[in-house]
Asker: 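Right, I'll just put the structure down here and ask away after.
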Amino acid sequence: MKNLLLTALITFFSVACNKSREKTTSAPLKSDTMVLNDQDIVFVSPGDQAMAALKKKNGEDFYTIADDANNYFSEASVYLDSLKVAYKNADDTKVFVFRKDHKTIAIPKYKSPWYALFYKDGKYETVDLVNVREAYPKFFGNTAAKSSGALDAKTVIASVAGDQYSVLEKKDGDLNNDHFTDRIVVLANNRDLDPQDPDTKTAPVLILLNDQNKKYDVLKNENIYPNSFGDSFRKLVVKDRFFTVELFNEVPDEYTSEKYITFRFSEPSKEIVLSKYGENTVRKDGRKNNALCSDKSFGKILFRDYRSDDIRT
């Protein structure tokens, strides 16, 4: 799994601040205690005991659930990385405390063992991972807008790629027509494919939306390629508010196929959405099948929610 294994499907989407259950203590702190200071963010995941219980409860579904849940952490951490905001990782065996008015206050465990913990000036919030992007500026203030320093796309990309991925292709454009340069990046997985290891079957596509040269808003999708069809990446094309990921596949003695997945910036909703999907197939006997559909057919599909395995022409 990735650097933080999140082991269960997120079932709650609210922000909680359970101050009524806080406990105060003057006893010496134990080694399993983490003291929160200044402005802290901690990503909390299940410890070994909780993980074993989840595996027993969910069986083979555990790995699918864990991979899905881990995507939420990845999106949240990429967002914080783009703001150059530091954070910590811990498991749910830790006791989180902060000091206020000469007292040590323990924060109660959250309703789920996977969440983010925000702390600032004697106040805290426990936040579901899907809500980190929305909750962060509300809790800490508009830190993103106050972020200093020049844009550093290389650092943002490296924070996602790590040692697991490398840049396959990248192109610039102005997706939202605000006269600031955005960037689309296609990554390749550096590890050999292992059918038993989901991490070897991902290759993220990133969108770095330039927010007035102050920061990047980072969007990520790991479900464009590779996919269950065995498609490989061919080319990235950017034009105006649109960009297209082209995929290719060949089954010897059967067929070749090309897929064109086009996204665009939606002005009304300020989101990146699927615009068109095309597929051209040529079979060994010369028969051709060309299909093209638009958002009028498949409705609104956000970039981050697109899955190649689910789309049908």
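What you see below is based on every heavy atom in this structure, not just the backbone, and it leaves out hydrogens, waters and symmetry mates.
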Asker: Could you state the interatomic distance from CG (N221) to OG (S308), rounded to the nearest 0.5 Å?
Answerer: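 One finds 7.5 Å between CG of N221 and OG of S308.
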Asker: Is the closest basic N to carboxylate O distance between K138 and E125 below 4.0 Å?
Answerer: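 Salt bridge absent between K138 and E125.
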Asker: Does a side-chain heavy-atom distance below 4.5 Å link F140 with Q39?
Answerer: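 Yes; the side chains approach each other to less than 4.5 Å.
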Asker: Among V185, L219, I184, which one satisfies side-chain contact (heavy atoms from CB on, under 4.5 Å) with L206?
Answerer: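 Of all the options given, the one that passes is V185.
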Asker: Please name the pair of heavy atoms, one in L292 and one in G278, separated by the smallest distance, quoted to 0.1 Å.
Answerer: CD1-CA, 3.9 Å
Asker: Are F242 and V186 co-members of a hydrophobic cluster defined by side-chain heavy atoms under 4.5 Å apart?
Answerer: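 In one cluster: no.
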Asker: For residues 295-305, please give each side-chain donor-acceptor pair under 3.5 Å, one per line with the distance, not counting sequence neighbours.
Answerer:
residue : atom : partner : partner atom : Å
D295    : OD2  : R264    : NH2          : 3.0
K300    : NZ   : E271    : OE1          : 2.8

Asker: Where is the tightest heavy-atom contact between K100 and I105, given as atom of each residue plus distance?
Answerer: CB-CD1, 4.0 Å
Asker: Do the side chain of D32 and the main chain of V95 share a donor and acceptor less than 3.5 angstrom apart?
Answerer: no
Asker: Inspect the contact between R283 and D285 and indicate whether a charged nitrogen and a carboxylate oxygen are less than 4.0 angstrom apart.
Answerer: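 Between R283 and D285 there is no salt bridge, as every charged N stays at least 4.0 Å from the carboxylate O atoms.
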Asker: Quick one: name the residues clustered hydrophobically with V251, using the 4.5 Å side-chain heavy-atom rule over I, L, V, M, F, W, Y, and just say none if it's on its own.
Answerer: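 Direct or chained contacts put V251 with Y255.
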Asker: Does any part of the side chain of D81, heavy atoms only, come nearer than 4.5 Å to the side chain of V160, both counted from C-beta?
Answerer: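 Of all side-chain heavy-atom pairs linking D81 with V160, none is under 4.5 Å.
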Asker: Identify every side-chain donor-acceptor pair in residues 230-238 under 3.5 Å, counting partners at least two apart or on other chains, and give the distances.
Answerer:
residue : atom : partner : partner atom : Å
D231    : OD1  : N249    : ND2          : 3.1
D231    : OD2  : N227    : ND2          : 3.1
D231    : OD2  : K259    : NZ           : 2.8
S232    : OG   : F248    : O            : 3.1
R234    : NH1  : E258    : OE2          : 2.9

Asker: Which residue pairs pass the salt bridge (charged side-chain N to carboxylate O under 4.0 Å, His left out) test with at least one member in residues 175-189, sequence neighbours excluded?
Answerer: D172-R183
Asker: Any side-chain heavy-atom pair from L36 and I107 closer than 4.5 angstrom?
Answerer: yes
Asker: Can a donor-acceptor pair be found, under 3.5 Å and without considering hydrogens, that links the side chain of D40 to the backbone of Y119?
Answerer: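 No, because the side chain of D40 does not come within donor-acceptor range (under 3.5 Å) of the backbone of Y119.
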Asker: Which pair of heavy atoms, one from A50 and one from D92, lies closest together, and at what distance?
Answerer: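 In this case the closest contact between A50 and D92 is CB-OD2, 3.6 Å.
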Asker: Please find the pair of heavy atoms, one from V218 and one from R133, that lie closest to each other, and give the distance.
Answerer: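 Distance-wise, the nearest heavy atoms are O-NH2, 2.8 Å.
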Asker: Who are the salt bridge (charged side-chain N to carboxylate O under 4.0 Å, His left out) partners of D310, not counting sequence neighbours?
Answerer: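 R307.
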Asker: Would you please name every residue forming a ring-ring contact (aromatic ring centres under 6.0 Å, His included) with Y260, sequence neighbours left out?
Answerer: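 Listed in chain order: nothing, the list is empty.
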Asker: For the pair F73 and F43, name the ring-plane relationship: parallel under 30°, tilted 30 to 60°, perpendicular over 60°.
Answerer: perpendicular
Asker: Do D91 and D48 make a side-chain contact, defined as non-hydrogen atoms from C-beta onward lying under 4.5 Å apart?
Answerer: no
Asker: Are any non-hydrogen side-chain atoms of N189 and T202 less than 4.5 angstrom apart?
Answerer: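 Touching, per the 4.5 Å side-chain cut-off.
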Asker: Do I261 and I311 have side chains that approach each other closer than 4.5 Å (heavy atoms only, starting at C-beta)?
Answerer: no
Asker: Side-chain contact, heavy-atom cut-off 4.5 Å: D128 with Y110?
Answerer: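 Counting from C-beta outward, D128 and Y110 do come under 4.5 Å.
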Asker: Indicate the atoms forming the closest heavy-atom contact of L175 with F265, along with that distance.
Answerer: O-CB, 3.2 Å
Asker: Report yes if the side chains of M51 and F62 come closer than 4.5 Å at any heavy-atom pair, otherwise no.
Answerer: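 In short, these two side chains touch, coming nearer than 4.5 Å.
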Asker: How close do N290 and N280 get, heavy atom to heavy atom, and via which atoms?
Answerer: OD1-OD1, 3.2 Å
Asker: Please work out which of the three classes, parallel, tilted or perpendicular, describes the rings of Y306 and F263, given edges at 30° and 60°.
Answerer: perpendicular
Asker: Specify whether F118 and F139 have parallel, tilted or perpendicular ring planes, treating 30° as the upper limit for parallel and 60° as the lower limit for perpendicular.
Answerer: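 Aromatic pair F118/F139 classed tilted.
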